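The structure appears right after this line, and notes come after that.
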Amino acid sequence: MENLIYAIILLPLIGFLINGLFGKNLPKIVVGSLATVAVFAPFCIAVSLFLNFDSESPAVIVRAFEWFRVNGIQINFGFQIDQLSLMMVMIITGIGSLIHLYSIGYMSHDKGFYKFFTYLNLFIFSMLLLVMGSNYMILFIGWEGVGLCSYLLIGFWYTNEEYGKAARKAFIMNRIGDLGLLIGIFMIASQTNSVDYISVAQNASKFELDGTIIIFITASLFIGAVGKSAQVPLYTWLPDAMAGPTPVSALIHAATMVTAGIYLVVRSNFLFTLAPTVQDGILLIGFLTAALAGFYALRQNDIKKVLAYSTVSQLGFMFIALGLGAYSTAMFHVMTHAFFKALLFLGAGSVIHAMSNEQDMRFMGGLKKVIPITHITFLIGTLAISGFPLLSGMISKDEILVAAFAKNPIYWVMLFILAATTAAYMFRLYYLTFHGEFRGTEEQKHHLHESPMNMTLPLIVLAILSVLGGFINLPHFIGHGHYAKLMEWLKPVLTPESFKQMEATLSGVDFNTEMILLGATVLMFFTVWFIVKNMYVNKKKMAKPENEYTGWEKLSAKKLYVDELYNALIVKTFEGLGRGGKMFDKGVLDRFVDYIGEGAEDSGKSMKRIQNGNVESYVLIMALAVGIILIVNFILQ
């Protein structure tokens, strides 16, 4: 097993090195195939490990070497395979390999083809480091690695200045969260003399429940999660990340980078369970993020921007589950979201490919007959995220709603409204894109075509997973025990206290009440579907430009002017400080240095007058000097 674990982590690294060093001189099919195999092979290995793993299997620790020691703390470079990391590895490599395959077709005409796949392999390697590391330091290396790769991939088309700004924005906002994570890791090390997950979990009992230290540690870790998983207030980088090629959007938004924050909290459950105050904060931030992002998505016209805000909103749902202590529910939604959101982003890429790089839905329409495979698979993704009965998104989202009701019925009402919002903006996107009359140019209409097989095959696979993925964790009324499948699978990863909290939350609603809640969500889904279809198909309502919206629609289209507010309060402030620093540097520091130089130059010129080559002058100066010395010596005596 040790060799298999090494193979999982090393194969993407090997793909990165080969393509990075030699890819420029290799055929594109070789570059793309090598990169894809370097991710698909680890997926096959992970599946084989999964088949030999069960919910009672202990964690497998592989220690590669001792990294360093500091103040008596031993830091090992090693890997940990358990139920949680194995689940994440399968999601990352499974979805990642499909995105790699899709990219072979999508990026086939790009000049930077080999660089793109080099970055993708490095991204997967970094993400695997993050989830497979046996301690917080290895997690941090992977954490920074995916941050670097996201910068490279978001700004891949760097000749466009706006794309470069989007990449820098993502990099800088993530650094804010990363500082919080680093402070949390330092605090953990100082309090437990270890950064290994198992050792920290064993020493967690020494912390006082909701004490100052544990609140500080968990709040710091949560700040890291807020940055990486795009929660309020550090969420504005994620929609701008749409500047990268569409496969990048799918990779970042679906199964990898943005789920790192959820993984961090679940992995650190032994700490967060001891900090109910921080859990309440997570719940609040989750609600605020889901509400704001859902509101923004209602009136966006860029197909990728709608999906981007949808991702932010769904991440809010996952953090709500974490705040409720329902760790398995959060991971269940991570998994189902990986299926349908990767499908939606890749489907959007197929639409953009057919539309000759057009992303504005106002210039689409009537595409269902032209790109039928993309249309059917995209419809399945839309139904899944919107809550169609028994599709993956409905089952995982319903579990979050039930957990919320168990905590407080008001939470359920709020989530119910947010779920209705999700269905509204997703059906709006679907009907504006695929129904009605084509609204693009004649040239675009002439070039409309279905994507090649290497792009449509991943769509078909992801559509199947979006339909069947929810059956992994069916609720109790269908015959699998009360959410037992995934909850029991993750039990060894959770402390007894965390598991009891989760079990109490997920078992807090009786059967009849749950059926009523389920019926309400199903009724809501079909009601919203009917209203949106009537609006955009029967009444043929069209999307407007941002400047033509009024009232709440304008606020939605302008994202409540949050970007403008950040720009005015933060960006302009730091630019002003930079200008002030530049003035101080030139007006004070530079002048001070200039004065020193000028003084040395003037003194040199004065000395030059003395050294005139006249022997009589030198003798006179020597005599005067000797005389002065004798006089001073006489006075001092």
Side-chain angles (χ1 to χ4, degrees), residues 8-9 12-13 16 64 67-68 75-80 82 84-85 87-89 91-93 96 119-154 167-189 194-197 200 217-231 234-235 237-238 241 248 251-269 271-272 282 311 315 318-319 322 330-331 334 338:
I8 290 174
I9 201 77
L13 179 62
F16 157 73
W67 190 5
F68 63 89
I75 310 295
N76 294 320
F77 200 101
F79 308 105
Q80 177 173 324
D82 56 18
L84 176 60
S85 60
M87 180 180 178
M88 287 298 295
V89 167
I91 293 173
I92 293 164
T93 55
Y119 298 158
L120 283 187
N121 272 180
L122 182 60
F123 192 107
I124 296 294
F125 167 72
S126 299
M127 195 67 200
L128 290 174
L129 264 186
L130 193 158
V131 300
M132 290 177 63
S134 61
N135 59 61
Y136 285 101
M137 291 304 296
I138 308 300
L139 177 143
F140 188 74
I141 295 173
W143 196 274
E144 292 301 296
V146 294
L148 169 64
C149 293
S150 68
Y151 169 77
L152 295 172
L153 288 167
I154 293 168
R168 292 199 298 273
K169 183 176 183 179
F171 192 79
I172 292 169
M173 294 194 80
N174 270 274
R175 295 292 75 73
I176 299 171
D178 295 353
L179 177 61
L181 173 60
L182 197 58
I183 292 172
I185 293 173
F186 287 158
M187 281 294 295
I188 290 171
S194 178
V195 291
D196 289 338
Y197 299 135
V200 175
I217 290 174
T218 51
S220 298
L221 296 179
F222 178 55
I223 290 172
V226 164
K228 196 66 75 181
S229 293
Q231 298 295 287
L234 303 178
Y235 68 96
W237 70 267
L238 193 57
V248 174
L251 192 65
I252 291 176
H253 286 236
T256 53
M257 182 173 169
V258 294
T259 61
I262 289 91
Y263 170 81
L264 174 64
V265 176
V266 176
R267 175 61 76 189
S268 306
N269 67 89
L271 299 174
F272 283 90
I282 294 173
T311 296
L315 288 168
M318 297 172 203
F319 274 93
L322 294 176
M331 289 305 301
V334 165

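From a predicted model like this one, the values you see are computed outputs, not experimental measurements.
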Can you tell me how far apart [atom1] ([X]) and [atom2] ([Y]) are? Round to the nearest 0.5 Å.
| X | Y | atom1 | atom2 | answer |
| --- | --- | --- | --- | --- |
| Met318 | Leu315 | CE | CG | 5.0 Å |
| Ile172 | Leu234 | CD1 | CG | 12.5 Å |
| Ile252 | Thr311 | CD1 | OG1 | 10.5 Å |
| Ile217 | Ser268 | CD1 | OG | 10.5 Å |
| Thr218 | Ile223 | OG1 | CD1 | 10.0 Å |
| Asn269 | Leu264 | CG | CG | 11.0 Å |

- Note on the structure: From the list Leu251, Leu238, Asn174, Leu153, side-chain contact (heavy atoms from CB on, under 4.5 Å) partner of Met257 resolves to Asn174

Test your reading of the model: is there a side-chain donor-acceptor pair from [X] to the backbone of [Y], 3.5 Å cut-off?
| X | Y | value |
| --- | --- | --- |
| Ser126 | Gly142 | no |
| Trp237 | Gly227 | yes |
| Asn135 | Asn76 | yes |
| Ser85 | Gln80 | yes |

- Verdict with reasoning, Tyr263 to Met331, per side chain to side chain contact (heavy atoms under 4.5 Å, CB included): CA-CA 8 Å; Tyr263 170 81; Met331 289 305 301; 5.6 Å; no

What I'd like to find out is whether the side chain of [X] reaches to under 4.5 Å of the side chain of [Y], using heavy atoms alone.
| X | Y | answer |
| --- | --- | --- |
| Leu139 | Val195 | no |
| Arg267 | Leu130 | no |
| Ile75 | Tyr136 | no |
| Leu322 | Phe272 | no |
| Phe125 | Cys149 | no |
| Phe171 | Ile154 | no |
| Ile92 | Ile124 | yes |
| Phe77 | Ile141 | yes |

- Heavy-atom closest contact (Trp143 atom, Gly224 atom, distance):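 In terms of heavy atoms, the two residues are closest at CZ2-O, 3.2 Å.
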
- Message: Ignoring hydrogens, what is the shortest heavy-atom contact between Leu271 and Val200? Give both atom names and the distance.
- Response: CD2-CG1, 4.3 Å

- For the ring pair Phe16 and Phe123, is the centre-to-centre distance below 6.0 Å?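 No.
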
- Decide, yes or no, whether a salt bridge links Glu144 with Arg175 under the criterion of side-chain N to carboxylate O below 4.0 Å.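 Salt bridge present between Glu144 and Arg175.
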
- Check the surroundings of atom OH in Tyr151: do more than 12 heavy atoms from other residues, nucleotides or ligands lie under 6.0 Å from it?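 At most 12 heavy atoms, drawn from other residues, nucleotides or ligands, come within 6.0 Å of this atom.
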
- Task: Tell me, with the steps shown, if Thr259 and Ile91 meet side chain to side chain contact (heavy atoms under 4.5 Å, CB included).
- Result: CA-CA 11 Å; Thr259 61; Ile91 293 173; over 6 Å; no

- Message: What verdict does the side chain to side chain contact (heavy atoms under 4.5 Å, CB included) test give for Ser229 and Ile262, after you've listed the backbone C-alpha separation in whole Å, the side-chain angles of each residue and the deciding distance to 0.1 Å?
- Response: CA-CA 7 Å; Ser229 293; Ile262 289 91; 3.9 Å; yes

- Task: Test Asn121 against Leu13 for side chain to side chain contact (heavy atoms under 4.5 Å, CB included), laying out the working first.
- Result: CA-CA 7 Å; Asn121 272 180; Leu13 179 62; over 6 Å; no

